[in-house]
Amino acid sequence: MYQNTLEYAQQCDAQDPLKHFRAQFYFPKDDQGNPLIYLCGNSLGLQPKKTSQFIQEELDDWAKLGVEGHTEAKHPWLPYHEFLTQSMANIVGAKPSEVVIMNGLTANLHLMMVSFYQPTAKRNKIIIESDAFPSDKYAVESQIKFHGYDPKESLILWKPKKGEELCRYEDLEAIMNEQGDEVALIMIGTTNYYSGQSFDIKKITQLGHHHGAIVGFDLAHGAGNILPNLHENGPDFAVWCSYKYLNSGPGSLGGVFVHERHANNPNLNRFAGWWGHNKQTRFNMRHEFDVLPGAEGWQLSNPPILSMAAIRASLSIFEEAGMDNLREKAIKLTGYLEFLLDEMKDDRIQVITPRNPEERGSQLSIQVKSANKELHTKLTKAGVVSDWREPDVIRVAPTALYNSFEDVFHFVERLKQVLN
Ligand SMILES: *Cc1c(COP(=O)(O)O)cnc(C)c1O
C-alpha cells in the first residue's frame, strides 16, 4: 500500500489529521537556516512553541506575588502538580489517583524499589532485560547491594537467544518456571531504548504475579509513544521521564504510577517527605506523618514549578491530539519508514526492531554492517538528527506529533546517499 515516492509521502501528509501539530514545535536548523530532519524525539523531544509562554506566566506571577503565588498565582503552586495529573494519566492509561509527577526517573525508580523490593533470604532476585538502560541496571544493582545481597546472584538478565537481538517471552517464562519463587521483582524497560522492542505488559505482569513477584516497568521510551494501559494491564508500579516523547524539556520531571491496589497499603516501606503528607494539615508542621492515599503519597518535596509549567504546556498538546490518534499515526509513519528501508534492498542494513507494530513504538533501530560512528557523522552533516549506539546501530524515531511522512522519505534518501 505504501509507495516509494516523494509525491506519495506528501499526499500522506496532506491527508494526516494531525498534520497541524508540526507547526507548534521549534525545529533545530542548519547553518543556512534550513530545518534539520529531526528523528531524535526518543532522546529529547522538541520544544513546543507555547512552552515559553507557560513558563513566563509563572515567572511573572513569582515577580508579582512572591510567596503569595503558592495560593494566588493564576495556577497556584501548592496544588500545581494536580494540573498535570489527568492528562498524564490519559497518556499512560491510568486512573488519576494512580499517577504523580515528581523527581527524576532514576530517583523515582529508587523510591519505587524502596516500597516494592523488600527482599527476603528466600525471595531476593530481580529480573531485568539484558540490554536494560544503564541507569536502571545501576539502580537495581545498588538496591540489591543495599539490602545485603550480591547482584551476581540476585540480578537475573532476561537475554535474547544466542545470535538474536530481541528477548522472547518464552525465555522469561522459563526463568520464572525455574526460579520464580526466588524472584522478588521483575523490572522491565518498555519500549527498550536500544532495540525498540515493546514488551507485552499484561502478559509479563500476569506471569510475575502468578509466581508471587512484584512487577514494575520503566516507560522512559513508552510514555507518549505506546499505549501502556497501566491500570488495566495491572503492573504494581511504573516510572518514566517527560523529556523524551513527552517534549517537556531537558531533565524535566518524571512520572510515577502506583496501581490502586497499593493506594492505601500500610505495609509498604516508603521514604517520606512533607509533600506526601495530608494536604489539609501539611502546613501545621507538627503532626505525625499522615500519608496521602495513592501515588501522591510518594511525593517528597515541593516541586520545581518552572519545569512543571513546561510539562503542562506539552500535556495540553497531547490532550488536544489524543493518545489513540497519535498511536494510530505512529504505526503508519513507522511502517512507512520500515517500507522505505526494505525498498533499499541493501544487505548492509538490518532493522533489529520487531516488524510487528504491536511489539514496537515509533523507533526503528537500524543495524549497519561494519559501520562505525563516521556514518552517523555523515548523516548529521546531511542534515539528519539521529542517534548512534555502539557498536553499529542508528536509532531513528519519527514521532507522530511533529514528524511528517516527508521527513521519513528524505531521511531514507539521505541514508542512501551517505551509504554510497
Ligand atoms: C532515558 C532513560 C533514563 C534516564 O534516567 P534519568 O533519571 O531521567 O536521567 C532511564 N532509564 C531509561 C530506560 C531511559 O530510557
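One is the number of the first residue; the rest follow in order along the sequence. Predicted model, so just to flag it, every value in this text is computed and none were measured. Whatever order the structure lists them in is the order used to number ligands and atoms, beginning at 1.
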- Return the residue, atom name and 0.1 Å-rounded distance of the protein heavy atom closest to atom 3 (C) of ligand 1.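 Atom 3 (C) of ligand 1 sits closest to the protein heavy atom Phe133 CE2, 3.3 Å.
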- Return the residue, atom name and 0.1 Å-rounded distance of the protein heavy atom closest to atom 8 (O) of ligand 1. Tyr243 OH, 2.5 Å
- Message: Tell me whether Thr106 has any N or O atom under 3.5 angstrom from an N or O of ligand 1.
- Response: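 Yes - when backbone and side-chain N and O of Thr106 are compared with those of ligand 1, one distance drops under 3.5 Å.
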- Answer yes or no: does an N/O atom from Asp218 fall short of 3.5 Å to an N/O atom of ligand 1? yes
How many angstroms lie between atom [atom1] of [X] and atom [atom2] of [Y], to the nearest 0.5 angstrom?
| X | Y | atom1 | atom2 | answer |
| --- | --- | --- | --- | --- |
| Leu172 | Lys159 | CG | NZ | 13.5 Å |
| Ser386 | Ile37 | OG | CD1 | 10.5 Å |
| Ser198 | Asn225 | OG | CG | 6.5 Å |

- Query: Which atom pair, heavy atoms only, marks the closest approach of Ile201 to Leu219?
  - Reply: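 Scanning both residues completely, I find the closest heavy atoms to be CD1-CD2, 4.3 Å.
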- Query: So which bit of Leu105 gets within less than 4.0 Å of ligand 1, heavy atoms only: side chain, backbone, both or neither?
  - Reply: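 Looking at Leu105 and ligand 1, atoms from backbone and side chain both fall under 4.0 Å.
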- Query: Taking only residues two or more places apart in sequence, or in another chain, which ones meet Val368 in a side-chain contact (heavy atoms from CB on, under 4.5 Å)?
  - Reply: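 Val368: side-chain contact (heavy atoms from CB on, under 4.5 Å) contacts with Ile349, Ile366, Ala371, Leu375, Ile394, Leu419.
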Which of the numbered atoms in ligand 1 are under 4.0 angstrom from any heavy atom belonging to [X]?
| X | answer |
| --- | --- |
| His221 | 15 (O) |
| Asp136 | 10 (C), 11 (N), 12 (C), 13 (C) |
| Ala220 | 2 (C), 12 (C), 13 (C), 14 (C), 15 (O) |
| Lys244 | 1 (C), 2 (C), 3 (C), 14 (C), 15 (O) |

- Query: If you draw the axis of the six-membered ring of Phe25, does the NZ or CZ of Lys49 fall within 45° of it and under 6.0 Å from the ring centre?
  - Reply: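 No, Lys49 and Phe25 do not form such a contact.
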- Do the ring planes of Tyr2 and Phe339 sit parallel (below 30°), tilted (30 to 60°) or perpendicular (above 60°)? tilted
